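Take a look at the structure set out below.
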Amino acid sequence: MAAVVTSWTPDKKHTDLQRWICIYPAYLNSKKTLAEGRKLPRDICVENPTHQEIRDVLFTTGLRIGVENKLYPRERSKEMLYRGRIRVELKNDDGTPIKDEYPTREAVMRHIVESIPKLKTRQNRPAEQQPQAVQQSSNKSKGKKGRR
């Protein structure tokens, strides 16, 4: 993706890079609030998706995609883990969807959140996903003794 992005005008074709939709990982992150940029309901979102996972899922759909080294403006952390923007071409020049099963941005995002948990990289992490048992101490209070 070495294309220079210029300002948007309505006479741009749907195949121009500027007309492709943008998807940031924050849109699909169940840990984010709506104010922090989540676009879908929390119960269907995935925990901390990365731009590589989104790219891998979209690669199998047959849509044209592009990865850009951009940071979501609402993201507080500037770490490399949170970088990445995915561009997806949804429509032909005449305005018809390229794939009938993905006519809108929301349809693409719903497909992504359904597919990310099925990735091998997500299924090989059972130790991290398991809640750790909280050990409760059975010590009696060691503080001051009450009044007698």
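These figures come from a predicted structure and were not determined experimentally. Values reported hereafter were calculated over all heavy atoms of this structure, with side chains retained and with hydrogens, waters and symmetry mates removed.
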Less than 4.5 Å apart, any side-chain heavy atom of Thr61 and any of His111? yes

Looking at residues at least two apart in the chain, or sitting in another chain, which of them share a side chain to side chain donor-acceptor pair (under 3.5 Å) with Glu114? none

Residues in side chain to side chain donor-acceptor pair (under 3.5 Å) with Ser30, at least two apart? none

Spell out, as yes or no, whether a donor-acceptor pair under 3.5 Å connects the side chain of Asn92 to the backbone of Asp94. no

Under the salt bridge (Lys or Arg N to Asp or Glu O under 4.0 Å) test, which residues partner Arg105, sequence neighbours left out? none

State which residues pass side-chain contact (heavy atoms from CB on, under 4.5 Å) with Leu40; sequence neighbours excluded, sorted by chain then number. Leu28, Ile44, Cys45, Glu106, Met109, Arg110, Val113

Pairs touching residues 40-70 that satisfy ring-ring contact (aromatic ring centres under 6.0 Å, His included), sequence neighbours left out: none

Do Ile116 and Asp56 come within less than 4.5 Å of each other through their side chains, counting heavy atoms only? no

Contacts of Asn69 meeting side chain to side chain donor-acceptor pair (under 3.5 Å) (sequence neighbours excluded), chain-then-number -> Arg83

Considering residues at least two apart in sequence or located in another chain, which fulfil the side-chain contact (heavy atoms from CB on, under 4.5 Å) criterion with Pro97? Pro103

Which residues share a ring-ring contact (aromatic ring centres under 6.0 Å, His included) with Tyr27, sequence neighbours left out: Tyr24, Tyr72

Summary of salt bridge (charged side-chain N to carboxylate O under 4.0 Å, His left out) pairs that have at least one residue in residues 73-82, sequence neighbours excluded: Lys32-Glu75

